[in-house]
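To keep things clear, I will list the structure first and then write my remarks on it.
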Amino acid sequence: MPTQPLETLFRPEVLSMSAYHVADASNFIKLDAMENPYNWPEDIQARWLEALKTCPINRYPDPEAKTLAVALRRANGIPEQSALLLGNGSDEIIQILLMALNADAVVLAPEPGFVMYKQVAQSLGLHYRGLPLLADSFALDMPAMRTAIAESQPALIFIAYPNNPTGNLFDAEAIKEILTIAPGLVVVDEAYAPFADASFIGELGHYPNLLVMRTVSKLGLAGLRLGFLAGEPAIVEQLHKVRLPYNINSLTQLTVGFALDHGGFLLEQTQTLRGERTLVFQALEGMPNIQAYPSAANFILFRTLNKAADTVFASLKSQGVLIKNLSPQGGLLHNCLRVTIGKPEENQAFLSALAAALN
Ligand SMILES: *Cc1c(COP(=O)(O)O)cnc(C)c1O
């Protein structure tokens, strides 16, 4: 240990934080982390392994990931005039964005929302302000949003579209109003774009403060860690100064590029998952004492009405099914659980286990 106490070495906001907890999922049916449950078709996997042989892992990766950037632009319809920033997952992009802000900046996000916004903002000592969504609908509370923007002049607003953990798409007109009245940056986080039929990529030319963020994680490449952000070149240029030069490793650059070039199977998998989402939602809606919330993502949020969510979660776990218990977060998430859509047999196992847990 150093001679100085840790309390004098580390910032108070770091000392008071708790680390992001990831549950140990070994031996569970894993429906907790919005992963695509499917593997790659064997023939494509074989071609990918061939391609990997050409990967020069003795060299540093291309710091600009130029080849991959071209593939990402094409696959996501990023307009020519928007600049691109790649990150080691969109988590790293959140960190890069917040590291570049002024030390006294206010960061605003609707809540419940993606926990990393708050986690990273607080770790950097920024002023984080969470704004409650409307109860029941989880829609944006626009009167509160207008007041909060006017009062705290946020340097950055995060809007997840669809939102995690609620699964809904906010009203697009409300987001456009936020883009118009916000004095700073507005990040529309489209992590679940493969499962939604809505996007702000088409608005990139219309709002100079709009940044659209996406990731390949929920599409089915979570292990590769790749996210990206598109927006005004003058803004993105500042972010590149904060980014570490080789943040996207060679294996990820090659593999994501390969997957996008052979991406048909990923789209088929997301189609299957969308179909399963409908089936799981209908099954949940048919259960007494469950309130399920409509989702445009690859998970469904639901509330337990006659038993504590903690009890139901523990029962599912004892039956070998791991989902996410959001009830400890409290507020609007009281008695809420979140299940990721898996393979048909995994979803069936979850539904049977849930029925047993509610009995
Ligand atoms: C999963 C998720 C991310 C993080 O994605 P990575 O690219 O895997 O870091 C970002 N935003 C939201 C809303 C998410 O749910």
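Counting from 1, the numbers follow the sequence of the chain as shown. Numbering of ligands and ligand atoms starts at 1, following listing order.
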Does Glu92 come within less than 4.0 angstrom of ligand 1, counting non-hydrogen atoms of the residue?
no
Keeping Thr252 on the side-chain end and Leu224 on the backbone end, is there a donor-acceptor pair under 3.5 Å?
yes
Polar contact flag, side-chain donor to acceptor under 3.5 angstrom, Glu276-Thr272
no
So which protein heavy atom does atom 1 (C) of ligand 1 come closest to, and at what separation?
Lys218 NZ, 1.4 Å
With a cut-off of 4.0 Å, which atoms of ligand 1 are near a heavy atom of Asp91?
4 (C), 9 (O)
Ligand 1 atoms nearer than 4.0 angstrom to some heavy atom of Ala191 are 2 (C), 11 (N), 12 (C), 14 (C)
Return yes when Gly89 approaches ligand 1 closer than 4.0 angstrom through a heavy atom, no otherwise.
yes
Taking every non-hydrogen atom, the tightest pair across Phe313 and Leu337
CB-CD2, 3.8 Å
Quick one: do Val107 and Ile93 end up in the same hydrophobic cluster if we chain Ile, Leu, Val, Met, Phe, Trp and Tyr together by side-chain heavy atoms under 4.5 Å apart?
yes
Atom indices of ligand 1 within 4.0 angstrom of Ser217 heavy atoms, with elements:
6 (P), 7 (O), 8 (O)
With respect to Val212, which candidate in Leu229, Val187, Leu204 satisfies the side-chain contact (heavy atoms from CB on, under 4.5 Å) definition?
Leu204
For ligand 1, which atoms sit closer than 4.0 Å to a heavy atom of Asn164?
13 (C), 14 (C), 15 (O)
So if you build clusters from Ile, Leu, Val, Met, Phe, Trp, Tyr with side-chain heavy-atom gaps below 4.5 Å, do Tyr161 and Leu140 land together?
yes
How about Ser327 and Asn325: does a side-chain donor come under 3.5 Å of a side-chain acceptor?
no
Could you work out, for atom 11 (N) of ligand 1, the closest of Asn88, Asn298, Leu226, Asp189 by heavy-atom distance?
Asp189
Subset of ligand 1 atoms that lie under 4.0 Å from at least one heavy atom of Tyr192:
1 (C), 14 (C), 15 (O)
Check contact between Met116 and ligand 1, using heavy atoms of the residue and a distance below 4.0 angstrom.
no
Among protein heavy atoms, which lies nearest atom 5 (O) of ligand 1, and at what distance?
Ser90 OG, 3.1 Å
Report the C-alpha distance between Arg225 and Glu92 in whole Å, list the side-chain angles of each, state the deciding distance to 0.1 Å, and finish with yes or no for salt bridge (Lys or Arg N to Asp or Glu O under 4.0 Å).
CA-CA 9 Å; Arg225 309 305 299 129; Glu92 191 195 31; over 6 Å; no
